Asks: 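Can you read through this structure? Questions will come right after.
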Amino acid sequence: MNPFHLAVITAGVTQPSSTRLLADRLTAATVAALAPREVVVEVIDVRDVAHDVTNNVLTGFASPELQVRLDAITEADAVIVATPVYAASYSGLFKMLVDVLPQDALRDTPVLLGATGGTARHSLAIDHALRPLFAHLGALVAPVAVFAASEDWGSTDAGRLGERIERAGRSFAGLVTGQPRVERVDPFADVTPFESLLTGLRS
């Protein structure tokens, strides 16, 4: 079986970056959920090609370094994206990279969304900004996304963030492989009928 190619776009601008950390953890969760299939991961850190992206917007030509990254996104079997939220939307640098992608580059490509922000109120950016953007590009946007606020890191909420990341990874792996979701277990499906309980009490 051919290896599965996963492109990871991270648009954090600081080092270290919580956006990069979220992207790495989403990637690890997805790779684990796809096991034992071989996964080749290509990380596109927009910060590293910021000037090249700007020049591409201005001139219409990509530098060799940027072209390698654009090709990795275009040729990927699936894509994970993570962006910081500024002014209730994705970062401008992230949008510039999306703008220089070839037309239909992400059409029918599964995409897992991730975002980071100062407070949980920025989480709405995933639904009102990121989802419409990738829907417009024709991508298959995963229904489960992850937003990580500052308080999610290094606190009692970190465990819940880890659970959300693992859930997103499993869900995304199911989407890209076409596997049906795990059947939910109804805790009330296997209970003793009330009539049998009455019979037991009378005996």
Side-chain angles (χ1 to χ4, degrees), residues 1-12 19-20 22-46 53 66-85 88-117 122-148 161 163-184:
M1 181 180 294
N2 294 329
F4 187 87
H5 289 268
L6 179 64
V8 182
I9 304 172
T10 175
T19 303
R20 175 60 188 266
L22 176 61
D24 288 344
R25 292 185 62 180
L26 287 171
T27 301
T30 301
V31 170
L34 287 170
R37 186 166 185 182
E38 179 185 358
V39 180
V40 177
V41 177
E42 295 280 352
V43 178
I44 297 89
D45 197 328
V46 188
V53 170
L66 177 59
Q67 191 61 55
V68 169
R69 290 162 172 83
L70 297 179
D71 290 342
I73 298 170
T74 303
E75 298 167 6
D77 296 305
V79 176
I80 294 174
V81 302
T83 176
V85 174
S89 187
Y90 38 73
S91 75
L93 186 59
F94 172 78
K95 182 56 164 58
M96 288 175 66
L97 176 69
V98 173
D99 286 344
V100 301
L101 284 172
Q103 186 176 4
D104 294 331
L106 293 177
R107 184 164 299 281
D108 299 327
T109 301
V111 175
L112 172 59
L113 305 178
T116 59
H122 293 304
S123 62
L124 292 175
I126 288 181
D127 288 327
H128 74 68
L130 278 173
R131 286 192 189 279
L133 171 64
F134 285 96
H136 171 74
L137 297 174
L140 302 177
V141 184
V144 180
V146 177
F147 177 85
L161 175 61
E163 292 173 0
R164 291 192 284 122
I165 289 173
E166 290 181 8
R167 176 173 174 251
R170 291 194 303 269
S171 176
F172 192 50
L175 174 66
V176 300
T177 59
Q179 296 178 349
R181 61 183 294 183
V182 177
E183 184 177 355
R184 296 179 62 184

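Hydrogens, waters and symmetry mates are skipped; everything else that's a heavy atom, side chains included, is used. Worth saying up front: this structure is predicted, and the values here are computed from it rather than measured.
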Asks: Would you say the side-chain atoms of Ser171 pair up with the backbone N or O of Arg167, donor to acceptor, closer than 3.5 Å?
Replies: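 Not confirmed, Ser171 side chain does not pair with Arg167 backbone.
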
Asks: Please indicate whether Glu42 has more than 12 foreign heavy atoms, meaning atoms of other residues, nucleotides or ligands, lying under 6.0 Å from its CD.
Replies: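 No, CD of Glu42 has 12 or fewer neighbouring heavy atoms, counting only those of other groups under 6.0 Å.
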
Asks: Kindly say whether Val46 contributes a backbone atom to a donor-acceptor pair with the side chain of Arg69 at under 3.5 angstrom?
Replies: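 No, Arg69 side chain to Val46 backbone: no donor-acceptor pair under 3.5 Å.
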
Asks: State the CD1-CZ distance between Ile126 and Phe134, to the nearest 0.5 angstrom.
Replies: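 Rounded to the nearest 0.5 Å, the CD1-CZ separation comes to 11.5 Å.
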
Asks: For Leu133 and Phe94, what are the C-alpha separation, side-chain angles and deciding distance, and is it a side-chain contact (heavy atoms from CB on, under 4.5 Å)?
Replies: CA-CA 12 Å; Leu133 171 64; Phe94 172 78; 4.1 Å; yes

Asks: Answer whether the closest heavy-atom distance between the side chains of Leu101 and Leu70 falls below 4.5 Å.
Replies: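 Yes; the side chains approach each other to less than 4.5 Å.
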
Asks: Short question: side chain of Arg170, backbone of Ala29 - any donor-acceptor pair under 3.5 Å?
Replies: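 A pair under 3.5 Å: no.
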
Asks: Taking all heavy atoms of Gly12 and all of Pro84, pick out the closest pair and write down the distance.
Replies: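 So the minimum-distance heavy-atom pair works out to N-CD, 4.0 Å.
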
Asks: Roughly how far apart are Leu124 CG and Leu130 CG, rounded to 0.5 Å?
Replies: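 Leu124 atom CG to Leu130 atom CG measures 12.0 Å (nearest 0.5 Å).
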
Asks: With a 4.5 Å limit on heavy-atom distance, are the side chains of Val146 and Leu161 in contact?
Replies: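 With C-beta onward as the side chain, the pair touches.
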
Asks: So with a 6.0 Å cut-off around NE2 of His136, is the heavy-atom count from everything else above 12?
Replies: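 No, NE2 of His136 has 12 or fewer neighbouring heavy atoms, counting only those of other groups under 6.0 Å.
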
Asks: Do you know which two heavy atoms are closest between Thr177 and Leu34, and how far apart they sit?
Replies: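 Closest heavy-atom pair between Thr177 and Leu34: CG2-CD2, 3.5 Å.
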
Asks: Between CG of Leu112 and CD1 of Ile9, what distance do you get to the nearest 0.5 Å?
Replies: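 With rounding to 0.5 Å, CG (Leu112) is 11.5 Å from CD1 (Ile9).
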
Asks: Nearest 0.5 Å please: distance from the CG atom of Asp108 over to the CG atom of Leu137.
Replies: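 If we round to the nearest 0.5 Å, Asp108:CG and Leu137:CG are 12.0 Å apart.
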
Asks: To check you understand the geometry: which heavy-atom pair defines the closest contact between Ala135 and Val141, and what is its length?
Replies: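 It is N-CG2, 4.2 Å.
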
Asks: Closer than 3.5 angstrom, by distance alone: can the side chain of His128 be matched with the main-chain N or O of Ala88 as a donor-acceptor pair?
Replies: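 Side chain of His128 to backbone of Ala88: a pair is present.
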
Asks: Looking only at heavy atoms, which two atoms of Asp45 and Arg20 are closest? And how far apart?
Replies: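 Smallest interatomic distance, heavy atoms only, reads OD2-NH1, 3.4 Å.
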
Asks: Show, in sequence, the C-alpha distance, side-chain angles and deciding distance for Phe172 and Ile80, and conclude whether the side-chain contact (heavy atoms from CB on, under 4.5 Å) test is met.
Replies: CA-CA 9 Å; Phe172 192 50; Ile80 294 174; 4.0 Å; yes

Asks: Walk me through whether Leu97 and Ile44 qualify under side-chain contact (heavy atoms from CB on, under 4.5 Å).
Replies: CA-CA 10 Å; Leu97 176 69; Ile44 297 89; 4.3 Å; yes

Asks: For the pair Arg131 (side chain) and Ala142 (backbone), establish whether a donor and an acceptor sit closer than 3.5 Å, ignoring hydrogens and angles.
Replies: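 Confirmed, Arg131 side chain pairs with Ala142 backbone.
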
Asks: Indicate whether any N or O donor in one side chain lies under 3.5 Å from an N or O acceptor in the other, for Thr116 and Thr19.
Replies: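 Judged by distance alone, the side chains do pair up.
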
Asks: Could you pull out all residues at least two apart from Glu38 that satisfy side-chain contact (heavy atoms from CB on, under 4.5 Å)?
Replies: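 So Glu38 forms a side-chain contact (heavy atoms from CB on, under 4.5 Å) with Pro3, Val40.
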
Asks: Taking all non-hydrogen atoms of both residues into account, name the closest pair between Arg37 and Asn2 and its distance.
Replies: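 So the minimum-distance heavy-atom pair works out to NH2-O, 3.4 Å.
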
Asks: If you compare all heavy atoms of Leu26 against all heavy atoms of Gly114, which two are closest, and at what distance to 0.1 Å?
Replies: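 Answer, listing the atom of Leu26 first, then Gly114: CD1-CA, 4.2 Å.
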
Asks: Could you walk me through whether Tyr90 and Val81 satisfy the side-chain contact (heavy atoms from CB on, under 4.5 Å) test, starting with their C-alpha distance in whole Å, then the side-chain angles of each, then the deciding distance to 0.1 Å, before giving a yes or no?
Replies: CA-CA 11 Å; Tyr90 38 73; Val81 302; over 6 Å; no

